[in-house]
Amino acid sequence: MPSLMDAWDSTRMRLLVELERATSLSMAAKAVGISQPSASEHLRLLSAAAGEPVAERNGRSLVLTPSGRILARVASQALSNLSAGESALAARAGLRAGTLNIAASSVPGTFILPRVVADFVQRCPDVDVRLSVGPTDAVIDWLLEGRVTLAVTCSEISAPGLRVETIGGDEVVGICSPGHLEISSTGFVTTDQLVGQTLLVQERGSSTRAQAIEMHGTASGWRSVWELGSVDAVKRAVREQAGVGFVSIHSMAEERRRGELVEFRVPGIDWGQRDVRAIALLGVVTAPADHYFKVLLAHAVNGPASPAGPALT
């Protein structure tokens, strides 16, 4: 009987990863580029090598067993390493090739990464860039599932198996329309001034939303709490004087510059450590494209070291 080491190949690794996403053998086989009978045979060989089934029927779907999910996680890490190796060889040959798979939570994905991605594409036009934006918890799930190789968030992440790198600073600030609150010369308002205000918060799964709800418990007496779909929706409602919100300082730079919104802080409120963070899987080799993207990201978050930006090396 073959061992797992003997049974592993890139096709079977990809099949496990795709089956975890699709829960349909035909869809997983199509994503890998093989026939359904061939996919069934690959699963049979993997099950024999593992000593137990790696997939089982659940109604009309085929799903991975607990053992299959363990192997799928290992397979996604192995495939990420293979992709990084290909990119490293391409870079060594002087080519700009490979793929950059990034996911970002709503704040960096909406207000920081677009200009960084545009800069990266201009500097590395032959690298295929794929960007997904979603709530923080979804972004971490995509990374753990192997769908992306690099995640960018503004919240503290402590999940096992992750390598977290601080890129630059962030801060949660209160926002209101000009004249809506009496803000001190040092930029503060008291909790008493917030009593009777409407609190505007973001979508579920957002780290900033969770912190704003925590703020609601501190400043009792909100008139109401509106749950809106995005940071932009919060800012629009604030501009219409519907209430106050709490957002990343990176997300309101344009409105502050145009004089549409003003920021404030509340004394005694600890929002915790806020940083822009780049997150990858532990044990996975960092591809050259991922490394250079982090260089450009740090350049954008912390300010340019030179007018031309960091050199491509």
Side-chain angles (χ1 to χ4, degrees), residues 1-93 97-103 128 130 132 134 137-151 157-164 279-291:
M1 181 180 298
S3 67
L4 272 173
M5 187 67 70
D6 296 327
W8 274 132
D9 64 20
S10 60
T11 298
R12 291 166 190 163
M13 291 179 187
R14 292 175 57 206
L15 181 61
L16 284 176
V17 172
E18 293 297 338
L19 185 57
E20 186 173 35
R21 299 174 184 175
T23 68
S24 163
L25 184 59
S26 60
M27 293 177 61
K30 183 178 180 181
V32 176
I34 60 177
S35 67
Q36 185 169 334
S38 177
S40 296
E41 180 63 14
H42 282 307
L43 290 179
R44 187 190 68 78
L45 290 173
L46 282 172
S47 295
E52 58 183 298
V54 298
E56 61 186 3
R57 287 287 173 187
N58 183 8
R60 300 181 63 181
S61 299
L62 185 69
V63 299
L64 294 178
T65 63
S67 295
R69 288 194 294 271
I70 291 172
L71 293 180
R73 180 67 54 82
V74 173
S76 69
Q77 294 178 355
L79 290 169
S80 294
N81 274 322
L82 286 172
S83 177
E86 289 179 346
S87 296
L89 290 176
R92 184 178 177 85
T99 301
L100 176 65
N101 279 313
I102 326 164
D128 181 20
R130 302 169 188 173
S132 302
D137 52 0
V139 166
I140 298 304
D141 285 343
W142 297 338
L143 180 65
L144 291 172
E145 293 165 3
R147 301 188 188 189
V148 299
T149 58
L150 184 66
I157 302 298
S158 59
L162 298 179
R163 181 176 67 249
V164 181
I279 307 167
L281 292 175
L282 271 176
V284 173
V285 177
T286 301
D290 291 46
H291 174 74

Next on the checklist: Run the side-chain contact (heavy atoms from CB on, under 4.5 Å) test on W8 and L71 for me, step by step, so that the C-alpha distance in whole Å, both residues' side-chain angles and the decisive distance to 0.1 Å come before the verdict.
Outcome noted: CA-CA 10 Å; W8 274 132; L71 293 180; 3.9 Å; yes
Next on the checklist: Under a plain distance cut-off of 3.5 Å, with no hydrogens placed, do N101 and T149 share a side-chain donor-acceptor pair?
Outcome noted: no
Item to check | Shortest non-hydrogen contact from A29 toward L15 | outcome: N-CD1, 4.3 Å
Checklist entry - Between G134 and V139, what is the shortest heavy-atom contact and its length? => result O-CG2, 3.6 Å
Min side-chain heavy-atom separation [X]-[Y] under 4.5 Å:
X	Y	answer
D128	R130	yes
L64	L19	yes
E18	M27	no

Can you name the side-chain hydrogen bond (donor to acceptor under 3.5 Å, both in side chains) partners of [X], sequence neighbours left out?
X	result
S76	none
E145	R147
R12	H42
R14	none

Item to check | Inter- and intrachain pairs under salt bridge (charged side-chain N to carboxylate O under 4.0 Å, His left out), touching residues 37-51, at least two apart | outcome: E41-R44
To the nearest 0.5 Å, what is the distance between [atom1] on [X] and [atom2] on [Y]?
X	Y	atom1	atom2	value
W142	I102	CH2	CD1	12.5 Å
L16	T11	CG	OG1	11.5 Å
E20	R73	CD	CZ	6.5 Å
I157	I279	CD1	CD1	4.5 Å
R163	L143	CZ	CG	9.5 Å

Checklist entry - Going through the distances and angles, do L25 and S40 end up as a side-chain contact (heavy atoms from CB on, under 4.5 Å)? => result CA-CA 8 Å; L25 184 59; S40 296; 3.2 Å; yes
Identify every side-chain donor-acceptor pair in residues 47-58 under 3.5 Å, counting partners at least two apart or on other chains, and give the distances.
| residue | atom | partner | partner atom | Å |
| --- | --- | --- | --- | --- |
| S47 | OG | L43 | O | 3.0 |
| S47 | OG | V54 | N | 3.1 |
| E52 | OE1 | S67 | OG | 2.8 |
| E52 | OE2 | S67 | OG | 3.1 |

